[in-house]
S.K.: 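Please see the structure below; I have some questions.
Residue numbers start from 1 in every chain, and the chains themselves are labelled A, B, ... in the order their sequence lines are given, proteins ahead of strands. What's counted below: heavy atoms across the whole structure, side chains too, no hydrogens, waters or symmetry copies.
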Amino acid sequence: MEQHYNPQSLEQGAQKYWLANNSFAVQPDDSREKFYCLAMFPYPSGQLHMGHVRNYTIADVIARYQRMLGKAVLQPMGWDAFGLPAENAAIKHNVPPAQWTAENIEYMREQFRLLGFAYDWDRELATCHPQYYRWEQWFFIRLFEKGLAYKKKAEVNWCETDQTVLANEQVVDGCCWRCDNPVERREIDQWFIRITEYADQLLSDLDQLDQWPERVRTMQRNWIGRSEGIDLDFTLADSSALSVYTTRPDTLMGVTYLAIAPQHRVAKAAASNNPALAAFVESQTSIKLAEADMATMDKVGMDTGVTATHPLTGKEIPVWVANFVLMSYGSGAVMSVPGHDQRDWEFATKYQLPIAQVIAPVENEDCNLDQAAFTDKGILVNSGDYNGLGFEQAFDAISDRLEREGRGRRSINFRLRDWGVSRQRYWGAPIPIINCDTCGAVPVPDQELPVVLPTDVKFEGVGSPIKKMPEFYQTTCPKCGGEATRETDTFDTFVESSWYYARYACTRNSNAMLDQEANYWAPVDQYVGGIEHAILHLLYARFFHKLMRDEGLVDSDEPFKRLLTQGMVLKDGAKMSKSKGNTVDPQSLINTYGADTVRLFSMFAAPPEQSLEWSDSGVEGANRFLRRLWKLVVNHVAHGSAPALSVPDLSNNQRAVRRKTHETIAKVSDDFSRRQTFNTAIAATMELCNDLGKLGTDAQDRAIMAEALRAVVLMLNPVVPHICHRMWQLLTGESDILTASWPIVDESALTRDTLEIVVQVNGKVRARITVPTDADKDAIQSLALEQENVKRFLEGVTVRKTIVVPGKLVNIVAN
RNA sequence: GCCAGUGUGGUGAAAUUGGUAGACACGCCGGAUUCAAAAUCCGGUUCCUUCACGGGAGUGUCGGUUCGAGUCCGACCACUGGUACCA
């Protein structure tokens with residue numbers, strides 16, 4: 001028997017065993033409950049980092065735990081293999097993205113193996129493989145046929161010097177990250193998917209997701225941003241309508257100007273004979289597309305000279321161009337009520353536009369329009385016929401009138417915008433469309449799929465190579481047979497990550513996107529990933545699932561039943577990054593301490609939802625614990641098999657250790673399943689081990705030790721599976737802990753005769769008393785009052801009240 | 001800017017339903033072992049005060065509710081994530 005804990009040989013042995021027995025391959029099995037456990041697949045950036053280790057360890061712990069509960073557990077792994085970093089690496093190191101990606105996958109797969117994750121590798125997929133993205137292309141064509149995919153003009157960040165589109169992260173301080181020249185906005189044709197068509201469902205189905213963190217549901221709810229309001233028309237001089245959307249028609253009488261986006265047709269028209277305005281409009285094209293930049297930039301505007309007629313008063317009000325009005329939201333125009341909207345108030349103050357009060361506070365709230373807008377709902381004033389109405393009444397009265405007069409329509413609006421899926425990049429799945437001068441956008445026929453992305457490419461400069469490859473884009477129109485060009489844009493990588501979870505169920509099916517096995521495993525029972533994906537990825541995947549449902553591919557409404565969002569891994573309080581030089585390489589830690597130590601520390605150092613502060617000495621502590629545990633097991637086994645447990649013969653001390661064992665099983669079970677706080681589960685197990693060290697060597701001590709050690713090994717197995725694989729063999733003689741079940745609490749071991757409770761005087765602890773478990777309130781109270789220190793604090797005061805909380809405390813209120 | 005979250009000893013954290021603040025670890029201090037060191041084992045460790053028993057203060061800040069608040073409410077401060085082309 002191995003006297004010393006030797007992680008290298010022990011982990012190798014366990015991994016060989018799992019490989020030889022194909023331990024983690026799984027097939028549908030109607031005799032057991034299914035459990036689909038999934039961690040968000042990684043981008044193959046080169047090496048695993050600590051964030052990966054944490055993410056995948058959490059999922060692996062859950063998968064292994066669920067398996068011990070007797071379920072058929074699917075835990076697959078794959079690669080989110082398309083994306084920008086491969087192109088950057090290609091430019092920097094002159095290596096084609098396909099090769100770079102494939103090499104990274106090879107290396108990272110080996111790292112996964114060394115960490116001992118229980119993956120069914122038979123189902124591995126990579127999104128850059130044509131067998132994967134072919135089905136995405138096929139599905140996109142279904143969406144196109146249903147009118148759910150469409151083309152429209154939309155803006156991008158454009159670098160004139162590099163002649164390329166820039167991602168938001170490639171724009172630094174308004175300039176291109178490579179050549180440092182200012183970016184400009186440019187409108188180009190792009191493909192969109194109508195997520196707005198599903199906005200209502202995406203919102204209401206959030207209520208089904210009761211096993212998602214509330215904060216993620218809240219963020220998605222706010223992102224979708226449903227609001228009820230009214231579209232209403234102001235009339236321009238040429239009698240055309242200038243339409244705006246507002247959720248506050250009750251403030252309509254307080255509109256003192258209109259604000260329109262610089263790209264609005266009215267602005268463009270007015271600028272054509274106004275050079276100053278034209279210059280202003282032009283100057284606004286240099287702002288980066290990102291919402292954060294839009295919202296924090298200086299709010300500037302200019303009078304267009306155009307006026308519009310107010311739909312109720314008939315008054316003429318000025319129309320201003322304002323840089324904070326977005327052409328892509330609503331109609332690109334807003335009505336401005338500076339008295340009751342803070343942004344309008346600031347703009348009006350800056351440009352000395354009139355501010356009118358039309359809402360008065362209901363209670364005595366502050367309302368001083370010289371200082372700030374009054375944005376709460378209230379009672380209408382200065383509003384003619386509508387004076388005295390509250391928000392709801394005014395909303396209805398004004399909306400009714402506008403609808404009656406044909407100047408407005410009640411409408412439900414969403415903040416959510418349609419999903420732009422076009423990328424002017426090389427390393428992505430080609431959009432399966434052929435552009436024909438005669439027939440327009442024509443889908444590639446199904447039998448010609450996949451449209452394969454050429455991988456033998458040279459990166460010259462920064463643009464996409466396929467845009468310069470006639471052999472790729474020159475083709476004929478499937479409809480008319482004439483000359484045509486292939487779409488050279490590729491899909492947003494969020495498209496691939498929106499359905500991979502379903503494809504794992506049937507990775508190798510070359511006849512269909514999904515099959516019945518996908519329906520067997522879906523939905524994912526437990527999804528694990530970073531909180532940074534709370535909105536985009538998780539919303540797109542939910543949307544895609546509904547699209548697939550409506551195509552008849554899956555039966556369920558939602559893809560992920562339960563969600564765990566893990567926090568980041570920090571070092572010295574900051575996110576690990578190469579530029580900060582504070583990275584920790586998991587590989588060298590595995591080499592030094594073994595995978596179990598790395599896994600144990602990752603799970604012990606913080607609860608999964610919180611950020612985790614990396615600590616080298618903490619890792620040593622985790623390793624120390626494993627060595628101590630190993631010694632405990634080895635020493636126990638060295639003394640031969642333990643005698644049978646005889647509960648009636650136990651001493652009080654032995655009974656206490658046994659109670660601790662079963663209390664720990666209860667706590668760890670709850671921590672693993674309901675709470676998902678693995679750190680406290682591990683702490684409880686450590687506590688139990690500390691107590692076990694105090695057991696003697698007589699027969700019943702050894703019997704209790706045997707029972708406890710088996711429980712400890714079973715409970716730690718999901719976290720540190722290698723060492724537990726071996727310790728289980730030593731303790732039981734059985735070869736495979738994977739076939740063992742989760743330990744069961746013996747309720748009879750939990751009983752106790754006495755309890756310690758605290759005695760407080762005015763909320764401060766003054767004594768501790770030990771009382772029988774079944775003591776009644778009066779007995780507890782009188783015992784509490786007898787305590788010397790309690791008496792001291794009751795001298796000279798009168799007891800007003802006594803609160804007895806059974807099993808916890810007594811609080812004597814006195815003054 | 002907006003949306004969401006976090007803030008507790010020297011450090012990572014625990015306190016699950018409003019009921020003993022600091023479990024479990026790290027670090028540090030003291031001791032055992034050792035020729036010596038490493039490793040290991042034992043003990044101590046929120047701060048202030050006290051020979052000691054004990055006492056006082058304490059969970060980002062300020063205020064509130066309650067017999068009782070880390071936990072609930074209000075305001076504020078700092079940091080983190082997202083903000084639609086990073087994934």
S.K.: Please report the distance, rounded to the nearest Å, between CZ in A:Arg417 and P in B:U83.
M.R.: 12 Å
S.K.: Once you apply a heavy-atom cut-off of 4.0 Å, does A:Val813 come out as touching a base, just sugar-phosphate, or nothing?
M.R.: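 Counting heavy atoms under 4.0 Å across all strands, the contact made by A:Val813 is with sugar-phosphate only.
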S.K.: Looking across every strand, which nucleic acid part, if any, lies under 4.0 Å from A:His533 by heavy atom: base, sugar-phosphate, or nothing?
M.R.: base
S.K.: Side-chain N or O of A:Thr493 less than 4.0 angstrom from OP1 or OP2 on B:A87?
M.R.: yes
S.K.: So A:Pro42, base contact, sugar-phosphate only, or nothing? Heavy-atom distance under 4.0 Å.
M.R.: nothing
S.K.: Tell me the interatomic distance from A:Asp670, atom CG, to B:U17, atom C1', rounded to whole angstroms.
M.R.: 13 Å
S.K.: From B:U40, B:C85, B:U16, pick the nucleotide closest to the side chain of A:Arg624?
M.R.: B:U40
S.K.: If only side-chain N and O atoms of A:Asn679 are considered, is one of them under 4.0 Å from the OP1 or OP2 phosphate oxygen of B:G12?
M.R.: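 So the side-chain polar atoms of A:Asn679 never come under 4.0 Å of the phosphate oxygens OP1 or OP2 of B:G12.
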S.K.: Can you give me every donor-acceptor pair (side chain of residues 413-422 of chain A, partner residue at least two apart or in another chain, under 3.5 Å) with its distance?
M.R.:
residue, atom, partner, partner atom, Å
A:Arg415, NE, A:Trp223, O, 3.2
A:Arg415, NH1, A:Glu291, OE2, 3.1
A:Arg417, NH1, A:Tyr329, OH, 3.1
A:Asp418, OD1, A:Ile195, N, 3.1
A:Asp418, OD1, A:Thr196, N, 3.0
A:Asp418, OD1, A:Thr196, OG1, 2.7
A:Asp418, OD2, A:Tyr150, OH, 2.6
A:Trp419, NE1, A:Asp492, OD2, 3.0
A:Ser422, OG, A:Trp191, N, 2.6

S.K.: Reckon A:Arg766 has a side-chain N or O less than 4.0 Å from the OP1 or OP2 of B:G54?
M.R.: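 Negative; the distance criterion is not met.
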S.K.: Kindly say whether, by distance alone, the side chain of A:Arg800 makes a donor-acceptor pair under 3.5 Å with the base of B:C67?
M.R.: no
S.K.: Look at the side chain of A:Arg186 and the backbone N and O of A:Asn157, then say whether any donor-acceptor pair between them is shorter than 3.5 Å.
M.R.: no
S.K.: May I ask you to say what A:Lys288 touches in the nucleic acid, namely base, sugar-phosphate or nothing, with a heavy-atom cut-off under 4.0 Å?
M.R.: nothing
S.K.: Paired with B:C28 by Watson-Crick or G-U wobble geometry, both distances under 3.5 Å: which nucleotide is it?
M.R.: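 Base partner found: B:G44.
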S.K.: Any donor-acceptor pair under 3.5 Å joining the side chain of A:Arg628 to the base of B:U40?
M.R.: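 No pair found.
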S.K.: Test your reading of the model: is there a side-chain donor-acceptor pair from A:Asp162 to the backbone of A:Thr164, 3.5 Å cut-off?
M.R.: no
S.K.: Base, sugar-phosphate or nothing for A:Val156? Non-hydrogen atoms, less than 4.0 Å.
M.R.: base
S.K.: If the cut-off is 4.0 Å, is A:Arg185 near the phosphate of B:C85, judged by side-chain N/O to OP1 or OP2?
M.R.: no
S.K.: Select from A:Val765 and A:Asn222 the residue whose nearest nucleotide in RNA chain B is closer to the 5' end of that strand.
M.R.: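 Here A:Asn222 is the residue nearer the 5' end.
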S.K.: For B:A39, does either OP1 or OP2 sit under 4.0 Å from a side-chain N or O belonging to A:Arg627?
M.R.: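 For B:A39, neither OP1 nor OP2 has a side-chain N or O of A:Arg627 closer than 4.0 Å.
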S.K.: Could you tell me whether a side-chain N or O of A:Glu87 sits under 3.5 Å from a main-chain N or O of A:Tyr426, the two making a donor and an acceptor?
M.R.: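 Answer holds: yes.
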